[in-house]
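Basis for what follows: all heavy atoms, side chains included, without hydrogens, waters or symmetry-related copies. Keep in mind that what you see is a predicted model, and the values were worked out from it rather than measured.
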Amino acid sequence: MPQPVLRTTRLLLTPLADRHLELEVELDSDPEVLRYLFPGPRTRDEVVISHAGRMALGRKVDGLGFWMAFGSDGARPGSAAPEHEDGADFVGLMMLPPAHGPDQPDEPGVCELGYRLARRFWRRGLATEASRELLRHAFETAGQDRAIAQTMAVNRGSQGVMKAVGMRYVRTFFPVWDDPLPGSEEGEVEYEITREGWAAAAGRRP
């Protein structure tokens with residue numbers, strides 16, 4: 001099952017494809033977007049490698065992968081999701097791959113929620129809106145048992161999104177970094193939501 005096109009009130013979520021590479025390059029050129037991920041902007045060659053890895057992960061588990069988010073009219077409150085990505089505003093990259101990192105379980109029923117928005121679309125509730133739709137897809141369509149999300153402990157904004165979509169704090173852990181980012185001494189945090197927890201919060205039967 002390939003990743004489907006998804007929609008929210010304000011966003012069109014299109015499965016990541018090779019035609020989106022330059023948008024990924026643009027997104028990763030802003031050091032503020034990468035503040036809690038990398039020590040600075042990424043080179044085009046680095047993004048090309050990341051893109052290839054994402055495309056490979058998107059083929060690993062049916063229905064999981066990466067989506068590019070598009071809006072219309074600046075994705076402001078009251079705007080509607082565009083019908084097509086052509087001519088739409090690029091909002092960011094939404095992530096729902098199988099969990100695969102060194103501090104994550106390697107289980108087919110566990111996925112990782114993530115989001116990376118262009119700076120001009122911050123603080124509009126868009127990461128929360130898209131994340132809710134991805135979790136719905138994870139549990140209703142892709143048959144996942146659990147979704148996790150990880151970020152630096154100092155990244156309060158990302159944790160706010162995790163809490164808003166019903167995820168609960170699980171743990172703080174301390175990876176070893178070759179090039180530690182400011183604040184890394186406080187560790188990383190992990191949140192999770194299970195299929196049963198999502199169903200209960202949404203008023204559905206699991």
Side-chain angles (χ1 to χ4, degrees), residues 1-3 6 13 15-16 24 27-28 33-39 42 46-47 49-69 92-117 127-128 130-181 183-199 201 206:
M1 176 182 65
Q3 300 97 318
L6 302 174
L13 305 179
L16 179 67
E24 292 174 273
L27 187 65
D28 282 4
V33 170
L34 304 183
R35 180 180 177 188
Y36 299 108
L37 296 166
F38 301 101
R42 308 188 83 192
E46 287 173 329
V47 178
I49 293 171
S50 291
H51 173 80
R54 289 169 185 150
M55 295 299 291
L57 269 176
R59 295 187 290 267
K60 187 175 180 181
V61 176
D62 282 352
L64 299 185
F66 300 81
W67 284 258
M68 300 296 267
L93 172 67
M94 299 301 302
M95 299 168 254
L96 192 73
H100 62 285
D103 293 291
Q104 299 177 359
D106 186 10
E107 302 171 12
V110 182
C111 56
E112 181 188 13
L113 177 70
Y115 28 81
R116 192 178 301 177
L117 270 59
T128 299
S131 294
R132 287 192 176 116
E133 175 60 15
L134 287 184
L135 290 176
R136 183 206 63 76
H137 169 70
F139 296 123
E140 283 192 358
T141 308
Q144 293 293 289
D145 300 316
R146 184 162 65 100
I148 65 172
Q150 297 175 337
T151 190
M152 291 180 67
V154 294
N155 189 350
R156 310 302 182 197
S158 185
Q159 291 178 66
V161 173
M162 297 171 193
K163 294 173 184 176
V165 299
M167 304 184 97
R168 67 175 185 87
Y169 168 82
V170 175
R171 64 178 178 133
T172 299
F173 60 103
F174 295 87
V176 177
W177 300 108
D178 294 331
D179 191 5
L181 297 175
S184 60
E185 67 279 0
E186 296 189 31
E188 299 264 323
V189 293
E190 179 175 304
Y191 284 69
E192 73 166 11
I193 187 168
T194 63
R195 179 201 297 270
E196 293 77 15
W198 174 82

**Q** I need the L135 CG to E140 CD distance, nearest 0.5 Å.
**A**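 Taking CG in L135 and CD in E140, the distance rounds to 11.0 Å.
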**Q** Would R116 and L37 count as a side-chain contact (heavy atoms from CB on, under 4.5 Å) if you check the C-alpha gap in whole Å, the side-chain angles of each, and the deciding distance to 0.1 Å?
**A** CA-CA 10 Å; R116 192 178 301 177; L37 296 166; 3.5 Å; yes
**Q** Hey, are the side chains of R168 and K163 touching, using non-hydrogen atoms and a 4.5 Å cut-off?
**A**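 Contact flag for R168/K163 side chains = no.
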**Q** I'd like to know whether D103 forms a side-chain contact (heavy atoms from CB on, under 4.5 Å) with E188, so could you lay out the CA-CA distance, the side-chain angles of the two residues, the decisive distance to 0.1 Å, and finally the verdict.
**A** CA-CA 10 Å; D103 293 291; E188 299 264 323; over 6 Å; no
**Q** Looking at SG of C111 and NE2 of H100, how far apart are the two atoms once the value is rounded to the nearest 0.5 Å?
**A**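 Reported value, rounded in 0.5 Å steps: 12.0 Å.
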**Q** Quick one, R42 and S50 - any side-chain contact, counting heavy atoms below 4.5 Å?
**A**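 In contact.
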**Q** Nearest heavy-atom pair of P105 and V110: which atoms, and what distance?
**A**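 Heavy atoms only, the tightest pair is CG-CG1, 3.9 Å.
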**Q** Would you say E107's side chain and A99's backbone share a donor-acceptor pair under 3.5 angstrom?
**A** no
**Q** If you measure from CG on D62 to CD on Q3, what distance do you get to the nearest 0.5 Å?
**A**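 Here the interatomic distance stands at 9.0 Å.
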**Q** Go through T172 and E186 one step at a time and tell me if the side-chain contact (heavy atoms from CB on, under 4.5 Å) criterion holds.
**A** CA-CA 9 Å; T172 299; E186 296 189 31; over 6 Å; no
**Q** Minimum heavy-atom separation for G183 to V154, with atom names?
**A** O-CG1, 3.9 Å
**Q** Closest approach of P39 and D179, non-hydrogen atoms and distance?
**A** CG-OD2, 3.5 Å
**Q** How far does OG of S131 sit from CG of L96, to the nearest 0.5 angstrom?
**A** 9.0 Å
**Q** Kindly indicate whether the side chain of L27, heavy atoms from C-beta on, has any atom under 4.5 Å from the side chain of L93.
**A**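 Sidechains of L93 and L27: in contact.
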**Q** By side-chain hydrogen bond (donor to acceptor under 3.5 Å, both in side chains), which residues pair with S158, not counting sequence neighbours?
**A**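 For S158 the side-chain hydrogen bond (donor to acceptor under 3.5 Å, both in side chains) partners, ignoring immediate neighbours, are Y115.
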**Q** What's the separation between atom CD in E190 and atom CD in Q150, rounded to the nearest 0.5 Å?
**A** 4.5 Å
**Q** Establish, yes or no, whether the cationic atom of R171 lies under 6.0 Å from the six-membered ring centre of Y169 and within 45° of the ring axis.
**A** no
**Q** Drop me the distance from M167's CE to Y191's OH, to the nearest 0.5 angstrom.
**A** 10.0 Å
**Q** Does some side-chain heavy atom of R35 sit less than 4.5 Å from a side-chain heavy atom of L181?
**A** no
**Q** Could you tell me if the side chain of P15 sits less than 4.5 Å from the side chain of F66, heavy atoms only?
**A** no
**Q** Residues in side-chain hydrogen bond (donor to acceptor under 3.5 Å, both in side chains) with Y36, at least two apart?
**A** none
**Q** Would you say the side chain of L6 lies within less than 4.5 Å of the side chain of W67, judging by non-hydrogen atoms?
**A** yes
